[in-house]
Amino acid sequence: MARRSFIAIVGHGPDLERDEGAASVLRSLGADVRTLDLWDDPPRLFHDDESKARAIVVEALDRPDLAAAALRALRREPRLEEVGALVAVSVAQIARIEPSSGFDDFLLVPYVPAELYARVRLVEWRRSEFATEERVKVGAIVIDRAAHDVSVGGMHVPLTAKEFALLSYVCERRGKVVSRTELLRRVWGSQYEGGARTVDIHVRRLRAKLGAALPLVTLRGAGYRLESPIPGSGGPEGGDASRAIQRGGAGAEAHQGDERGELRDEDEDEDGDDEGDEDEDGDGDDEAEDTAQAKGRAAPSAHDDTTSGRERRITR
């Protein structure tokens, strides 16, 4: 039996069913809606075990201070822990919305019906995860297998063939520990004769490109595990958010590892150890990328030429 999904509207009891309220507007658009008073117990939203909340709208109106407290109470219900939430406020109260309150987005009252439903669908997409034969979504990362494309928050992230295959596999095994031996066998193939350092190098590249959107942690002596995405890591804000993830990816990921107490020593060797391993997989894209980087490092600058000329004149 398919699970019935609904949109939860939380607010001051007498105002929940007003004509211009979120509940009435969304019902007129065909959505299944359930209402809850601010002071009622969240489990009352679930009439049966087959119900599932799509999104939460907290109608704070002129009291945004009550919205944060209401959301904390809602999150204590296990079935609402991962559901996207929006806060609805009047125009006069918009400056009082605290970014740290935990809401995914906000709405202005009076509502524009099309905007209300669009924002509900957007927050539902942000929080959703799925896996089909053609597409996989984990947090803000969307893997399109058919197009061989990866995006974070709607922004394309270029990956080599082996990076793409590695990312696809760890996403499929989300929440489970995958060893380096398993990754070598499933991504590089049973005929591959290289060492496990190849896996570490490609994991490091994925972390650098995807940043905090990829919560892949190292388990010393065991391998890697992809955990739940970090809230707010590379959402659909688009280019700015994704570029920020890429610029601060390595530092953010290292900080994340410290917070979780994970030991990541095995794949944090000095760069000098990478030189002999980077081409082990025979991936032409990786080799071309490494060659270009090497040429960039070796190319002398105009400043270097000038400095060398001065040194020769001084020597003579």
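For A22, the side chain to side chain contact (heavy atoms under 4.5 Å, CB included) criterion is met by I9, V57, E59, Y111, L116, not counting sequence neighbours. Remark: R27 engages E17 in a side-chain hydrogen bond (donor to acceptor under 3.5 Å, both in side chains) (not counting sequence neighbours). For E20, the salt bridge (charged side-chain N to carboxylate O under 4.0 Å, His left out) partners two or more places apart in sequence, or in a different chain, are R18. Shown here are the side-chain hydrogen bond (donor to acceptor under 3.5 Å, both in side chains) partners of Y117, two or more places apart in sequence or in another chain: there are none. The salt bridge (charged side-chain N to carboxylate O under 4.0 Å, His left out) search around R63 returns D65, not counting sequence neighbours. Take D40 and apply the salt bridge (charged side-chain N to carboxylate O under 4.0 Å, His left out) test, not counting sequence neighbours, and it matches R44. In this structure R185 satisfies the salt bridge (charged side-chain N to carboxylate O under 4.0 Å, His left out) test with no other residue, sequence neighbours excluded.
With values rounded to the nearest 0.5 angstrom, L122 atom CG is found 9.0 Å from D104 atom CG. Atom CG of L26 and atom CG of D32 lie 10.5 Å apart (nearest 0.5 Å). One distance of note links OG1 of T160 with CG of L166; it measures 9.0 Å at 0.5 Å rounding. Here the CG atom belonging to L36 is positioned 8.0 Å from the CG atom belonging to D41, to the nearest 0.5 angstrom. Remark: L108 CG to F106 CZ distance equals 5.5 Å, nearest 0.5 Å. The structure places NE2 of H156 at 9.0 Å from OG of S151, a figure rounded to the nearest 0.5 Å.
Counting only distance, with no hydrogens or angles, the side chain of K162 and the backbone of V199 share no donor-acceptor pair below 3.5 Å. S24 places no side-chain N or O within 3.5 Å of a backbone atom of G21 that could act as its donor or acceptor partner. With hydrogens and angles disregarded, a donor-acceptor distance shorter than 3.5 Å links the side chain of R174 to the backbone of E227.
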All N/O donor-acceptor pairs, side-chain side in residues 138-146, below 3.5 Å, sequence neighbours left out:
residue	atom	partner	partner atom	Å
D144	OD1	A146	N	3.1
D144	OD1	A147	N	3.1
R145	NH1	T132	O	2.8
R145	NH2	E172	OE2	2.5

Counting only pairs under 3.5 Å, give me each side-chain donor-acceptor contact of residues 83-97, with atom names and distances, residues two or more places apart or in other chains.
residue	atom	partner	partner atom	Å
S90	OG	D62	OD1	2.6
Q93	OE1	R96	NH1	2.8

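Contact detail for K209 and P158: the closest heavy-atom pair is NZ-O, 3.3 Å. When all heavy atoms of V152 and A213 are compared, the pair lying nearest together is CG1-CB, 3.8 Å. Of all the heavy atoms in G223 and R180, the pair that sits closest is CA-NH1, 3.7 Å. Between P113 and L29, the closest heavy-atom pair is O-CD1, 3.6 Å. The two residues A53 and L80 have their closest heavy-atom pair at CB-CD2, 3.8 Å. Nearest heavy atoms, A60 versus A67: CB-CB, 3.7 Å.
Between the side chains of S51 and R34, at least one donor N or O lies within less than 3.5 Å of an accepting N or O. A donor and an acceptor atom, one from each side chain of R207 and T218, are located under 3.5 Å apart. Using a 3.5 Å distance cut-off with no hydrogens or angles, the side chains of T198 and Y192 do pair a donor with an acceptor.
One finds no salt bridge joining E81 and R79 here, because no Lys/Arg side-chain nitrogen approaches an Asp/Glu carboxylate oxygen to under 4.0 Å. Ionic pairing of E182 and R173 is present here: one or more N-O contacts between side-chain nitrogen and carboxylate oxygen are shorter than 4.0 angstrom.
Within the structure, every pair that satisfies the ring pair (Phe, Tyr, Trp, His ring centres under 6.0 Å) test and touches residues 163-182, not counting sequence neighbours, is listed here: H148-F164. Counting only residues at least two apart or in different chains, salt bridge (charged side-chain N to carboxylate O under 4.0 Å, His left out) contacts with residues 106-117 comprise E115-R119. Applying the ring pair (Phe, Tyr, Trp, His ring centres under 6.0 Å) definition to pairs two or more places apart or across chains, those involving residues 4-37 are F6-F46.
Note on I7 and V123: same hydrophobic cluster, where clusters join Ile, Leu, Val, Met, Phe, Trp and Tyr whose side-chain heavy atoms are under 4.5 Å apart, directly or indirectly. Under a hydrophobic-cluster definition in which Ile, Leu, Val, Met, Phe, Trp and Tyr are linked whenever side-chain heavy atoms come within less than 4.5 Å, directly or via other members, L206 and Y224 are assigned to the same cluster. Linking Ile, Leu, Val, Met, Phe, Trp and Tyr residues whenever their side-chain heavy atoms come within less than 4.5 Å leaves L74 and L61 in two separate clusters. Under the 4.5 Å side-chain heavy-atom criterion for Ile, Leu, Val, Met, Phe, Trp and Tyr, V203 and L184 are members of the same hydrophobic cluster. Cluster membership for V33 and V58, using ILVMFWY side-chain heavy atoms within less than 4.5 angstrom, is not shared.
In this structure the side chain of D19 never reaches within 4.5 angstrom of the side chain of V25, judged on heavy atoms. Side-chain atoms of C171 and L226, non-hydrogen and from C-beta on, do get closer than 4.5 Å to each other. Side-chain contact between L45 and T35 is absent, with no heavy-atom pair separated by less than 4.5 Å. Considering only heavy atoms from C-beta on, R75 comes within 4.5 Å of I56 through its side chain.
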Pair W125, K137 - check side-chain contact (heavy atoms from CB on, under 4.5 Å), show working. CA-CA 10 Å; W125 165 259; K137 182 177 183 294; 3.5 Å; yes

